[in-house]
Amino acid sequence: MTLGALAIAGAGLVVAPAAQADGLGCGDNAVCFYKGYSTWTGAFHDVTSGYQTLVGSKGADKAWSNRGSGGTLLHFTNGKTICLKAGQLREDLKSIGTVDKVRLTNSAGC
C-alpha cells in the first residue's frame with residue numbers, strides 16, 4: 001500500500017469498487033448506512049430539498065454512496081456536516097459525531 005493510500009484510508013475516506021458495494025448490500029444509486037462491521041441499517045435514494053431524519057441508521061459507523069453522480073450531505077447531532085461524494089465510503093462517522101440526518105443532492109460538491 002502506498003503512502004497516499006494510507007493517508008486516504010487513515011482519513012476515513014475510501015473510494016470503493018462496485019464489487020464492494022455489492023458485498024455491502026447497497027443497491028444501485030443509493031446511499032447506505034451501516035453499524036458495526038457490516039450490519040446494513042438503511043438506504044436512501046431520493047434527492048430532496050431538505051434533510052431526511054435517520055431512524056434505524058442514526059449513529060451509524062459508516063456510510064457508502066453507491067450513486068453514479070451527485071453528493072450527499074451527512075448531518076451530525078453536534079451540528080457538523082460532511083459531503084459524501086458519489087462512489088465514496090466513509091468509515092469514520094463515529095469520530096465526527098452521531099449522524100442523524102441525510103440529504104441527497106444533484107451537485108457533486110454537495
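Heads up: numbering here begins at 1 and tracks the sequence. Fair warning: this is a prediction, and the values are worked out from it, not measured in the lab.
Taking the side chain as every heavy atom from C-beta outward, E91 and D61 never approach each other to under 4.5 Å. Inter-residue side-chain proximity for K58 and T77 is flagged as met; some heavy-atom pair is nearer than 4.5 Å. Side-chain contact between Y51 and D100 is absent, with no heavy-atom pair separated by less than 4.5 Å. Considering only heavy atoms from C-beta on, R67 comes within 4.5 Å of V47 through its side chain.
The two residues L73 and C110 make their nearest non-hydrogen contact at CD2-CB, 3.7 Å. Scanning both residues, T53 and K101, for their nearest heavy atoms gives CA-CG, 4.3 Å. Residues T72 and S65 come closest through the heavy atom pair OG1-OG, 4.4 Å. Across all their heavy atoms, Q52 and D46 have their closest contact at NE2-O, 3.5 Å. Of all heavy-atom pairs between G97 and F76, the closest is C-CD2, 3.6 Å. What you find for A43 and C32 is that their closest heavy atoms are CB-SG, 3.7 Å.
More than 12 non-hydrogen atoms from other residues, nucleotides or ligands lie less than 6.0 angstrom from NZ of K35. Open room surrounds CG on N106; 12 or fewer heavy atoms of other groups in view lie less than 6.0 Å from it.
Between the T39 side chain and the G36 main chain, no donor and acceptor come within less than 3.5 Å of each other.
Linking ILVMFWY residues whenever their side-chain heavy atoms come closer than 4.5 Å, directly or via other members, places L89 and W40 in the same cluster. Following chains of ILVMFWY side-chain contacts shorter than 4.5 Å, one can reach I96 starting from L74, so the two form part of one hydrophobic cluster.
Partners of S57 under the side-chain hydrogen bond (donor to acceptor under 3.5 Å, both in side chains) rule, at least two apart in sequence or in another chain, are T41.
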(request) For side-chain contact (heavy atoms from CB on, under 4.5 Å), just list the numbers for N66 and D28, CA-CA rounded to whole Å, side-chain angles, deciding distance to a tenth of an Å, and then say yes or no. (result) CA-CA 6 Å; N66 196 22; D28 289 339; 4.1 Å; yes
